[in-house]
Amino acid sequence: GVMTISFRAVGGQVTAASCNNIEALPRSCRTFPTLGSKFQTYMWDQPAWANSFNGNMRAIANGEQLLPFQLREGPTFFRFGKKKVMMDVTLYFPEFQTEQEQDSTKYCVDVLITWQEGQHASRPRQDCLSVAL
């Protein structure tokens, strides 16, 4: 399955989410994510993930990393209550489209999350579920 999430670089607030097959999403992850929630709260090791992410944002702000760029983080553990679920993560840092986006509080990063579809489907496949603020 594939899920795409957009979140604000500063604060981590989820602004959009889509999933190509919600029925295949592991049952423990069905509440992930909620709009307005903080993306980093779903990371199993929040401090390490935030430190890495903030390092990438500093490199962008200092002109050491040109936009757009993508960063494949690979297998990453997410937290769902007390459950630990591994999914594959790739971050996409898009170009600034407007001057407003250059204000890091408005800049959004996209994350592509993939997982192996198992025997989780209980209803016919739904092509796409998409919500945005």
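All residue numbers in this chain count up from 1 along the given sequence.
The hydrophobic cluster containing V10 does not contain I60, counting ILVMFWY residues as joined when their side-chain heavy atoms lie under 4.5 angstrom apart, directly or transitively.
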Assess whether ring pair (Phe, Tyr, Trp, His ring centres under 6.0 Å) is satisfied between F77 and Y42, documenting all intermediate values. CA-CA 9 Å; F77 284 110; Y42 293 97; over 10 Å; no
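At distances below 3.5 Å, not a single donor-acceptor pair connects side-chain atoms of N51 with backbone N or O atoms of P47. The backbone N or O of G74 sits less than 3.5 Å from a side-chain atom of T76, completing a donor-acceptor pair.
A 4.5 Å side-chain heavy-atom check between E73 and L91 finds at least one atom pair inside the cut-off. A heavy-atom distance below 4.5 Å is not found between the side chains of N54 and S52. Annotation: side chain of M57 is in contact with side chain of F93 (closest heavy-atom distance under 4.5 Å). Between I113 and V111 there is a side-chain heavy-atom pair separated by less than 4.5 Å.
Atom CH2 of residue W115 and atom SG of residue C19 lie 3.5 Å apart, to the nearest 0.5 angstrom. Atom NZ of K84 and atom CZ of R79 lie 9.0 Å apart (nearest 0.5 Å). The distance from the CE atom of M43 to the CZ atom of F53 is 10.5 Å, given to the nearest 0.5 Å. With rounding to the nearest 0.5 Å, the separation of CE in M87 from OG1 in T114 is 9.5 Å. Rounding to the nearest 0.5 Å gives a distance of 10.0 Å between CG of D110 and CD1 of I5.
The two residues T15 and R8 make their nearest non-hydrogen contact at CG2-CG, 3.9 Å. Contact record, L71 with N56: CD2-ND2, 3.3 Å, taken as the closest heavy-atom pair. In terms of heavy atoms, A9 sits closest to V109 at CB-CG2, 4.2 Å. Of all heavy-atom pairs spanning G11 and Q40, the tightest one is O-NE2, 3.2 Å.
The aromatic rings of F7 and F39 sit parallel to each other, their planes meeting at less than 30°, with 60° as the upper class boundary.
The residue from V89, D88, T4 that alone fulfils the side chain to side chain contact (heavy atoms under 4.5 Å, CB included) condition with L112 is T4.
Residues satisfying the ring-ring contact (aromatic ring centres under 6.0 Å, His included) criterion with F78, sequence neighbours excluded, are F32.
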